[in-house]
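Only this structure's heavy atoms are used, side chains among them; waters, hydrogens and symmetry mates stay out.
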Amino acid sequence: MPDENMVEVGDLVKIYPGGTRAVSNIDFSVSKGDFFGFLGPNGAGKTTTMKILATLLKKTSGVVTVAGRDVDSEPKAVRRSIGFAMQEVGLDDLAAGRDFLRLQGVLYGLSARESRRRADDLLELVGLTSVAGRRVGTYSGGMRRRVDLAGALMHSPDLLFLDEPTVGLDPQSRLTMWEHLDNLNAGGVTILLTTQMMEEADRLCRSIAIIDQGRIVAEGSPQSLKADVGGDVVQVVLEGADDALYAKAEDALRQRARVDAVNRADHGLAVTVKDGSAAVPAIVGLLHDDGIPVANLSVARPSLDDVFLKHTGRTIRVEEATGDEVGEMMRPLMGLKKR
Amino acid sequence: MTVARETYFIYVRNLRAWMAQPALVISTVTFSLFMFLFFGAPLSGMTAIPGFPSDDYQAYITGMVIVMAVVFNGSDVAFSLLTDMLSGYFDKLLLAPVNRFSILMGTLLMSGTRAMIQVLGIMVMAAILGVRFEGGLLGLLAILAAATTFGIATACLGLIIALKTKSVQVTQNSWLLFMPLAFLTTAFMPRDLLTGWFKVAVMLNPVDYVMVGVRTIVIEGWNWDSILPGFWVLVVTTVIMLTAATWAYRRETA
């Protein structure tokens with residue numbers, strides 16, 4: 001493995017007992033210092049891949065090395081070299097935040113004294129010093145994510161795996177988390193993150209792999225991926241949500257307008273053209289001639305949404321708050337009040 | 001880091017988690033107290049039956065109250081483990097570069113400690129109710145050691161249930177499995193006074209041999225004829241359960 005790659009994945013396949021093929025022959029690598037994003041909808045295979053990289057799940061076939069170690073033959077060395085904050089946040093709700101971190105530290109080989117010092121430093125870093133003595137079960141969603149991040153950093157790993165680190169967070173907490181992650185990456189930590197939020201991938205990542213139905217459908221920097229979409233995207237919303245009308249508009253634009261691509265998006269049509277402002281009058285004229293009523297029309301530079309749409313023919317639907325569902329479910333069982 | 005050190009830290013964490021749920025501790029104590037109150041004095045007339053081995057019924061059922069608390073301990077351990085599995089914390093422990101058996105050992109040792117503390121409480125309760133321990137101080141220590149060992153064995157059963165089913169429903173209802181183990185015994189009446197299928201079931205139930213051993217220490221003292229079968233059943237059961245739990249754990253965490 002070249003020294004500069006922290007993660008190397010070759011022809012990885014994961015088939016669950018029962019036959020579900022979660023990951024299909026994927027290849028990718030993450031170079032040292034990179035901020036790498038795995039972008040895809042729920043069930044795309046992101047978490048499965050992440051768990052295989054972290055040694056929590058056995059692969060069916062393929063080659064996976066993390067920090068130069070094979071995940072099958074040297075799982076302990078792999079675990080020592082990574083920090084992992086999971087989607088189903090694995091926190092000890094009955095422990096105080098400080099105690100949770102200290103245990104993480106000693107389990108990763110720090111002495112009790114080192115662990116205490118490191119826990120205090122990290123609590124300060126993620127802004128939780130004032131609640132360090134409170135039980136984790138009483139923390140808000142944002143605080144839970146931050147204490148989980150701190151836990152993943154206890155042993156100062158060079159490589160950090162984050163599985164949907166901001167799902168279910170309010171915008172303010174999300175921004176705070178992004179700042180923490182930016183700072184860590186600037187400090188030299190290689191980060192591999194999964195997300196289904198385009199904005200998150202665009203804001204944080206330098207390299208992105210788009211994964212859908214267990215396959216990587218596109219890979220590159222956000223800029224290059226967006227450039228590949230080609231030109232601008234004109235969003236066309238028709239009056240009423242009539243499927244037949246949309247189909248008619250789609251056909252008309254495909255056959256008679258000078259467009260690169262027409263796709264159905266969440267709220268209308270996404271029409272890819274070379275020059276958005278020049279294309280708008282032609283599109284409006286064409287639809288008007290066919291008696292198709294236009295309600296709204298806007299021009300945008302391509303986003304990662306458009307990249308995903310181009311490669312999969314679908315849009316990602318973000319399902320908010322999935323990360324906290326398990327926690328919420330457990331709360332009544334443990335006699336904890338809803339936060 | 002040595003396995004012993006890892007085990008110690010996980011053990012302390014589990015102990016703290018138990019202490020952090022006073023309702024769990026209180027309910028166990030209350031359950032045992034109810035056993036004494038509901039079955040002790042009201043059924044004390046049983047001692048008049050010819051062939052009954054003791055004239056103090058509270059002392060007779062002390063063995064039952066002790067073993068029952070330890071048996072149901074297994075169900076509680078299953079639920080604690082499942083809570084960790086569902087919250088993702090169990091995965092977090094597995095992610096640490098530790099020997100994974102220290103996680104298992106930390107959990108089982110904690111169960112043993114828990115059983116020991118519970119039984120200590122029950123013995124204090126029994127003493128307050130006037131029960132005399134014929135086995136003396138050494139007998140008390142032997143009962144505590146047996147409770148700790150048996151607590152580990154029942155915890156193994158609980159662990160297997162949680163690991164294999166991963167289901168809140170099944171685990172929550174695992175007391176249905178522990179119930180016959182606890183009640184198909186000589187809990188209320190000695191074996192000689194039992195009849196029919198019940199007597200057969202009692203003779204097949206390993207828990208009863210442990211119960212007889214513990215009770216003998218309480219009501220008779222060091223009568224080895226009654227204690228030794230319990231001792232061997234305890235040893236064999238614990239070895240079998242530890243092997244089965246280790247196997248299940250290895251499969252689930254491989």
Side-chain angles (χ1 to χ4, degrees), chain A residues 51 54-58 72 74-96 99-100 102-112 115 135-137 144 148 151-152 154-155 157 161 163 323-336, chain B residues 1-27 76 78-103 105-107 110 162 166-169 171-172 250-254:
Chain A
K51 283 191 167 179
T55 77
L56 276 178
L57 202 58
K58 287 264 182 249
D72 287 334
E74 296 180 88
K76 220 164 154 177
V78 168
R79 292 203 285 269
R80 193 171 290 121
S81 63
I82 59 170
F84 190 3
M86 289 183 279
Q87 184 181 354
E88 300 95 3
V89 180
L91 297 175
D92 184 1
D93 281 346
L94 295 168
D99 293 336
F100 165 74
R102 287 177 181 174
L103 178 61
Q104 281 291 108
V106 291
L107 291 180
Y108 277 84
L110 303 188
S111 71
S115 192
R135 278 196 204 167
V136 172
R144 291 169 70 82
D148 195 29
M154 276 300 287
H155 58 299
F161 291 164
D163 191 17
D324 275 356
E325 278 168 8
V326 175
E328 288 300 334
M329 188 183 79
M330 297 307 300
R331 222 153 278 282
L333 300 179
M334 291 185 284
L336 296 169
Chain B
M1 186 157 63
T2 63
V3 175
R5 184 169 183 260
E6 294 164 8
T7 303
Y8 166 75
F9 281 115
I10 289 165
Y11 167 79
V12 171
R13 178 264 162 183
N14 289 336
L15 197 62
R16 278 194 183 154
W18 183 55
M19 301 287 191
Q21 301 172 87
L24 267 186
V25 184
I26 291 167
S27 70
D76 287 347
F79 201 66
S80 301
L81 177 70
L82 193 73
T83 305
D84 280 347
M85 287 168 79
L86 293 180
S87 72
Y89 188 66
F90 187 66
D91 271 348
K92 179 136 287 178
L93 289 177
L94 292 181
L95 261 176
V98 295
N99 186 315
R100 290 185 171 183
F101 280 95
S102 52
I103 302 170
M105 285 302 136
T107 306
M110 156 59 199
K166 296 186 186 73
S167 152
V168 175
Q169 269 190 56
T171 307
Q172 221 165 17
R250 197 194 288 265
R251 274 183 70 96
E252 292 304 317
T253 59

Minimum heavy-atom distance [X]-[Y], with the two atoms named:
| X | Y | result |
| --- | --- | --- |
| B:V98 | A:K76 | C-CE, 4.0 Å |
| B:R5 | A:L110 | NH2-O, 3.4 Å |
| B:L95 | A:Y108 | O-OH, 3.3 Å |
| B:D91 | A:K51 | OD2-NZ, 3.8 Å |
| B:F9 | A:L103 | CB-CD1, 3.7 Å |

- Salt bridge A:D92-B:K92, side-chain N to carboxylate O under 4.0 Å: no
- Output the option from B:P97, B:A96, B:A17, B:A23 having the highest count of non-hydrogen pairs under 4.5 Å with chain A. B:P97
- Output for pair (B:M19 CE, A:L94 CG), nearest 0.5 Å, gives 13.0 Å
- Heavy atoms of other groups near B:F101 CZ, more than 12 under 6.0 Å: yes
- With a 4.5 angstrom heavy-atom cut-off, could you sort out which part of A:A54 is near chain B: side chain, backbone, both or neither? both
- Message: Taking B:A20's backbone N and O only, do any of them form a donor-acceptor pair with A:R135's side chain (distance below 3.5 Å, no angle check)?
- Response: yes
- Task: Determine, step by step, whether A:L107 and B:I10 satisfy the side-chain contact (heavy atoms from CB on, under 4.5 Å) criterion, reporting the C-alpha distance in whole Å, the side-chain angles of both residues, the deciding distance to 0.1 Å, and the verdict.
- Result: CA-CA 9 Å; A:L107 291 180; B:I10 289 165; 4.1 Å; yes
